[in-house]
Amino acid sequence: MRRIITSALTAAAAAAVVGGAGLAAASTHAAVSGTENFQMMTTSATSSTASVIASGVFTAPAVDHENHSNNTAKFVFSNGTVSVKHSPGTGKQSFNPKTCLLTVNLHGTYKITGGSGAYAGITGSGTYKLNILAIAGRSGGKCSQSQPPVAWHQVINASGPVSLP
């Protein structure tokens with residue numbers, strides 16, 4: 001009888017270990033691929049950061065840290081980073097010297113150049129559209145483009161395929 005109980009306990013322990021291993025294996029994530037969307041927004045013409053919302057393969061908020069001198073960005077999430085290289089963009093810009101209204105509509109491409117933390121090994125690329133609507137300040141009763149704008153809305157929508165190991 002003791003032998004049967006010992007065998008039963010050993011089998012139960014083995015099942016628990018196997019079951020635990022199965023849970024551990026199930027909790028590791030498999031590589032995922034699909035479309036990722038990034039939306040960046042700022043209301044400051046002088047800030048080098050912007051708010052980011054990523055959605056698609058993963059959904060998370062981040063802060064966009066731009067390096068305008070080399071057209072790179074780093075999205076800083078709570079659990080890692082995504083680094084991006086983007087083209088300077090092409091499109092239309094206009095400035096109304098009577099109303100001081102600036103409009104900018106550009107489009108371009110980007111490539112994900114790396115990641116860290118939960119985004120280590122991420123790859124991808126895509127296209128973006130940048131829209132700016134701003135009102136320049138006035139100096140001496142005239143619109144001034146040498147001063148920071150009195151209002152600034154900038155939205156960038158980017159989308160493309162990504163692979164996350």
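Computation of the quantities below employed the complete heavy-atom set of this structure, encompassing side-chain atoms and omitting hydrogens, waters and symmetry-equivalent molecules.
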Single-linkage hydrophobic cluster [X]~[Y], side-chain heavy atoms < 4.5 angstrom:
X    : Y    : result
I132 : V150 : no
L102 : V155 : no
F75  : V32  : yes
V63  : I122 : no
L133 : L106 : no

Rounded to the nearest 0.5 Å, what's the gap from [atom1] on [X] to [atom2] on [Y]? Could you check?
X    : Y    : atom1 : atom2 : answer
M41  : H153 : CE    : NE2   : 8.0 Å
C143 : R138 : SG    : CZ    : 4.5 Å
H107 : I156 : NE2   : CD1   : 14.0 Å
N157 : N131 : CG    : CG    : 7.5 Å
K111 : T123 : NZ    : OG1   : 9.0 Å
F38  : S159 : CZ    : OG    : 9.0 Å

Within a radius of less than 6.0 Å around NZ of K129, do more than 12 heavy atoms belonging to other residues, nucleotides or ligands occur?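 Counting neighbours around NZ of K129, 12 or fewer heavy atoms of other residues, nucleotides or ligands fall under 6.0 Å, so no.
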Has the side chain of [X] got a donor or acceptor atom that lies under 3.5 Å from a matching backbone atom of [Y]?
X    : Y   : value
E36  : S55 : yes
S116 : T81 : yes
Y128 : G89 : yes

Could you check whether any side-chain heavy atom of [X] comes within less than 4.5 Å of a side-chain heavy atom of [Y], counting everything from C-beta outward?
X    : Y    : answer
S51  : M40  : no
I112 : V82  : yes
C100 : I135 : yes

Consider only side-chain N and O atoms of [X] and [Y], and report whether a donor and an acceptor are under 3.5 Å apart.
X    : Y   : result
T113 : S83 : no
T42  : S44 : no
T103 : S94 : yes
S163 : S33 : yes

Could you tell me which residues satisfy side-chain contact (heavy atoms from CB on, under 4.5 Å) with T99, sequence neighbours excluded, listed by chain and number?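 T99 satisfies side-chain contact (heavy atoms from CB on, under 4.5 Å) with N96, L101 only.
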How close do [X] and [Y] get, counting heavy atoms only, and between which atoms?
X    : Y    : value
S87  : G108 : OG-CA, 3.3 Å
T72  : H86  : N-NE2, 3.9 Å
G160 : Y110 : N-OH, 3.2 Å

With sequence neighbours left out, which residue pairs that include part of residues 47-71 fulfil the ring-ring contact (aromatic ring centres under 6.0 Å, His included) condition?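 The answer is F58-F77, F58-Y119.
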Mind running side chain to side chain contact (heavy atoms under 4.5 Å, CB included) on T43 and W152 for me, showing each step along the way? CA-CA 5 Å; T43 57; W152 178 272; 5.6 Å; no
